[in-house]
Protein chains: 2
Amino acid sequence: MKNLRITEQDRFRALLRGAGFKATTARIRLLRILERAHEPLSVEKITKRLGSLAPDMATIYRSLRNLHAAGILRHVDFQHRHAHYELNDPKDHHHFTCTNCGKMVNFENCDVTKLISRVLRRTPSFSKVTEHSLELFGLCAQCAKK
Amino acid sequence: MKNLRITEQDRFRALLRGAGFKATTARIRLLRILERAHEPLSVEKITKRLGSLAPDMATIYRSLRNLHAAGILRHVDFQHRHAHYELNDPKDHHHFTCTNCGKMVNFENCDVTKLISRVLRRTPSFSKVTEHSLELFGLCAQCAKK
DNA sequence: TTGCATGCAAATTTTTTGCAGCCAG
DNA sequence: CTGGCTGCAAAAAATTTGCATGCAA
């Protein structure tokens, strides 16, 4: 029974292979951390969460860059001075961040796809959207009270 | 006649004073460059365009950071490894960038405001949106043909 | 005159690169 | 085996900071 189940390892292995990458332990560990995080992580946070299993930073940067180019990861900009990455969830969620306390929530089903189609229809000089970013910044309920 | 007209200088001076800043020549030059650019600029491009009139880089970074915090500038992320800034135009336009050749066009009236209100209504843990980012990446008509 | 701004120089932080050796396929 | 990956070390790029001086108000 147990060995018939598709493990997390296998899932990531297939994902990597499918994109033409070798399924190395470093990359599988990276994907695992990102999946469990449920929020976009910086290189620093990834390294900390991997602890002693963390590969060299150069490897992390290279992996993130390649996996992003392959569409496996999304690049998220929190207007800090460093990049954040998360798994490219097909559900296409986005983030709402409190600029005061840093709290973050996800939101989805926001119809950004429709918005994008409309823009694309109106913009003949461009023919295809492959990626988009949509981030909201503001105040959470607690911080707004103060 | 001529001296009754509100000059660009005066406009920026008022803008800076209104936000509690001193209207220094360095900052006025910076705003002037950004206004004329019609596209978000990196620190490098700002420096180049200012030429011999460019203040120290530290000053540029400090100015950009402060003017952004005051809402005078917008922070734009093109998924490069450095920040870009543009004047915070009340028209709220966004950018569509070709990932192949770097070409960029602006678009506006994309109803992102409605989208934001909807999200806000559905997200009781957050009470106010002060800033947002929306960027499209894809292929321009020329690059898509190839 | 007074304190916010700037220049200068140095330090930090973030990201990239070259190259030799390693390991997944 | 073998070419893509990784570690290591060094460099490059991007951004910040401390402090003395300068200039707008």
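Letters A, B, ... are given to chains in the order of the sequence lines, protein chains preceding strands, and every chain is numbered from 1.
A/Thr130 pairs by the side chain to side chain contact (heavy atoms under 4.5 Å, CB included) definition with A/Lys128, not counting sequence neighbours. A search for side chain to side chain contact (heavy atoms under 4.5 Å, CB included) contacts involving A/Lys145 returns nothing, not counting sequence neighbours. Residues forming a side chain to side chain contact (heavy atoms under 4.5 Å, CB included) with A/Arg122 (at least two apart in sequence, or on another chain): B/Asn109.
Comparing the local axis fitted to the first five base pairs of the helix from C/dT1-D/dA25 to C/dG25-D/dC1 with the one fitted to its last five gives a bend of 50°, rounded to 10°.
The ring-ring contact (aromatic ring centres under 6.0 Å, His included) contacts involving residues 105-127 of chain B comprise A/Phe96-B/Phe126, B/His94-B/Phe107, where partners must be two or more places apart or lie in separate chains. Applying the side chain to side chain donor-acceptor pair (under 3.5 Å) rule to pairs touching residues 21-31 of chain B yields nothing, sequence neighbours excluded.
Across residues 59-75 of chain A, A/Tyr61, A/Arg62, A/Arg65 each have a non-hydrogen atom less than 4.0 Å from an atom of DNA chain C (numbered order). Listed in residue order, the members of residues 11-42 of chain A having a heavy atom less than 4.0 Å from DNA chain C are A/Arg17, A/Lys22, A/Ala23.
Test A/His93, A/His38, A/Arg74 against A/Glu86 for side-chain hydrogen bond (donor to acceptor under 3.5 Å, both in side chains) and you get one pass: A/His93.
A donor-acceptor distance shorter than 3.5 angstrom exists from the side chain of A/Asn88 to the backbone of A/Gly71, with no hydrogens or angles considered.
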### Task
Evaluate the side chain to side chain contact (heavy atoms under 4.5 Å, CB included) criterion for residues A/Leu134 and A/Cys110: first the C-alpha distance (whole Å), next the side-chain angles of each, then the deciding distance (0.1 Å), finally the verdict.
CA-CA 10 Å; A/Leu134 170 61; A/Cys110 66; 4.0 Å; yes
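First and last contacting nucleotides of DNA chain C toward chain A (any atom under 4.0 angstrom from a heavy atom, 5' to 3' order): C/dT14 to C/dG25.
Using the six-membered ring where Trp is involved, B/His75 and B/His68 have ring planes that are tilted, between 30° and 60° apart.
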Tell me which donor-acceptor pairs under 3.5 Å the side chains of residues 56-66 of chain A have, and how far apart each pair is, sequence neighbours excluded?
unit_1, atom_1, unit_2, atom_2, d
A/Asp56, OD2, A/Ala58, N, 2.9
A/Ser63, OG, A/Thr59, O, 2.9
A/Asn66, ND2, A/Arg62, O, 3.1

What pairs of donor and acceptor atoms, side-chain ones from residues 11-20 of chain B against any protein atom, are under 3.5 angstrom apart with sequence neighbours left out?
unit_1, atom_1, unit_2, atom_2, d
B/Arg11, NH1, B/Glu35, OE1, 3.4
B/Arg11, NH2, B/Glu35, OE2, 2.9
B/Arg13, NH2, B/Gln9, OE1, 2.7

Would you give me the side-chain donor-acceptor pairs under 3.5 Å for residues 46-53 of chain A, sequence neighbours excluded?
unit_1, atom_1, unit_2, atom_2, d
A/Thr47, OG1, A/Val43, O, 2.8
A/Arg49, NH2, A/Glu39, OE2, 3.4

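Remark on DNA chain C: of its neighbouring residues B/Arg81 and B/Asp56, the 5'-side contact belongs to B/Asp56, judged by nearest-heavy-atom nucleotide.
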